[in-house]
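Each remark here refers to the structure printed beneath this line.
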There are 2 protein chains.
Amino acid sequence: MDKIAHSECNKLLVPVRDALDILSGKWKLPIITTLRFGVIRFKELEREIPGITAKMLSKELKELEMNQLVKRTVLDTTPISVTYELTEYGRSLETVILELGKWGKAHRERIFA
Amino acid sequence: MDKIAHSECNKLLVPVRDALDILSGKWKLPIITTLRFGVIRFKELEREIPGITAKMLSKELKELEMNQLVKRTVLDTTPISVTYELTEYGRSLETVILELGKWGKAHRERIFA
DNA sequence: CAGAATCCCTTGGGATACTG
DNA sequence: CAGTATCCCAAGGGATTCTG
């Protein structure tokens, strides 16, 4: 257990934390997976994700947009409507989510057995 | 956006959440990556992970042990010492952590550019 | 040494009401 | 419709003290 180990350890840890932060929280995952189905309006998202409040939805979408994972589009209707969709980049999360799901599925089977 | 979509969505979501829960929190990741270096005693872990308190270390190790990721061994010394190590199963997390790290690294480069 | 117990503060997130 | 503002509560986690 030396200092070298630590600095290498941290080099690994920081990006892992970055990825984890993006997926963390109660609602990021439901929002992302719902957006996999296409271009969806705010209200529609709110209805599709049981239990979420407008406040949380708005806040999480803003974060996802800042991370370039989601694209926000304002439509000039009356009243206005706003749509959200995954960016091409956002879809790159699919791999890592699938990997998490694979491990989680195996884990679940192992623990309940 | 129909009901079918939702039930399939949830089938995916639950295991992903399971995996995420295991990695979540401030200290699980540092603990796991530190344990990659071998069999380590409680106090030594506490020293190796800057900022962690005994309370948090104890609590997180207990959770990891419950999930069969970590093995706890009590040594009959005076005073007693307790060692922790990753189980073979615990090492299976490496793949998913690496996957997260890969995405996180690319993301970091994308955002700061 | 290896923790458990206690106290306290900060953060995540819910409920409700309001606005352009 | 698409949010924002405010208030509030529960959980996560830190500091300190205590024990076998």
Side-chain angles (χ1 to χ4, degrees), chain A residues 1 13 16-35 38-67 69-86, chain B residues 1 13 16-35 38-67 69-86:
Chain A
M1 208 55 47
L13 243 65
V16 177
R17 179 73 60 195
D18 287 346
L20 238 28
D21 284 347
I22 282 178
L23 264 10
S24 79
K26 191 171 175 182
W27 300 111
K28 298 263 178 58
L29 216 48
I31 292 172
I32 292 172
T33 53
T34 302
L35 285 176
V39 182
I40 312 184
R41 282 186 314 152
F42 187 88
K43 195 67 179 180
E44 202 175 348
L45 269 171
E46 198 180 346
R47 271 191 301 261
E48 285 301 324
I49 303 173
I52 199 169
T53 61
K55 170 187 165 186
M56 277 300 116
L57 182 54
S58 167
K59 184 188 146 213
E60 302 294 59
L61 283 170
K62 213 170 289 176
E63 283 190 44
L64 292 170
E65 198 192 348
M66 278 179 35
N67 281 308
L69 300 167
V70 160
K71 180 177 162 220
R72 178 180 186 269
T73 310
V74 181
L75 302 178
D76 197 9
T77 58
T78 45
I80 63 158
S81 47
V82 179
T83 65
Y84 293 89
E85 60 194 297
L86 285 182
Chain B
M1 207 54 48
L13 243 64
V16 178
R17 178 74 60 197
D18 287 346
L20 239 28
D21 283 347
I22 282 178
L23 265 10
S24 78
K26 191 171 174 181
W27 299 112
K28 297 266 179 56
L29 216 49
I31 292 172
I32 292 171
T33 53
T34 302
L35 285 176
V39 183
I40 312 184
R41 282 187 314 154
F42 187 88
K43 196 65 179 182
E44 202 175 347
L45 270 170
E46 198 179 345
R47 272 191 300 262
E48 286 301 323
I49 303 172
I52 198 169
T53 62
K55 170 187 165 186
M56 277 301 116
L57 182 53
S58 168
K59 185 189 146 212
E60 301 293 60
L61 282 171
K62 210 170 293 175
E63 283 191 43
L64 292 170
E65 199 193 348
M66 279 180 33
N67 281 308
L69 301 168
V70 160
K71 180 175 162 222
R72 178 180 185 268
T73 309
V74 180
L75 301 178
D76 196 9
T77 58
T78 47
I80 64 159
S81 48
V82 180
T83 64
Y84 292 89
E85 60 194 297
L86 283 183

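Each chain gets a letter, A, B and so on, in the order the sequences are listed, and its residues count up from 1.
A:Arg41 contributes atom CZ, which lies 12.0 Å from atom OH of A:Tyr84 (distance to the nearest 0.5 angstrom). Note that CG of A:Leu75 and OG1 of A:Thr83 are 5.0 Å apart. Values are rounded to the nearest 0.5 Å. Separating the CD1 atom in B:Ile49 from the CD1 atom in B:Ile31 is a distance of 5.0 Å, to the nearest 0.5 Å. With values rounded to the nearest 0.5 angstrom, A:Leu57 atom CG is found 11.0 Å from A:Lys62 atom NZ.
Close to C:dC1, at under 4.0 Å from its OP1 or OP2, lies no side-chain N or O of B:Tyr84.
One atom, CG of B:Leu75, and another, C1' of C:dA2, lie 12 Å apart when rounded to the nearest Å. Note: CD1 (B:Ile31) to P (C:dG3) measures 12 Å, nearest angstrom.
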task = Can you check each nucleotide of nucleotides 4-20 of chain C against protein heavy atoms at under 4.0 Å and return B for base, S for sugar-phosphate only, - for none, in 5' to 3' order?
result = S-BB-----BBB-----
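Side-chain atoms of B:Arg72 and B:Leu61, non-hydrogen and from C-beta on, never get closer than 4.5 Å to each other. B:Leu23 is listed as a side-chain neighbour of B:Ile32, based on a closest heavy-atom distance under 4.5 Å. Proximity of A:Pro30 to A:Ile52: side-chain heavy atoms (C-beta onward) are nowhere separated by under 4.5 Å.
On the nucleic acid side, DNA chain D has its first and last nucleotide under 4.0 Å of a heavy atom of chain B at D:dG13 to D:dA15, going 5' to 3'.
Not counting sequence neighbours, the partners of A:Glu63 by the salt bridge (charged side-chain N to carboxylate O under 4.0 Å, His left out) test are A:Lys28.
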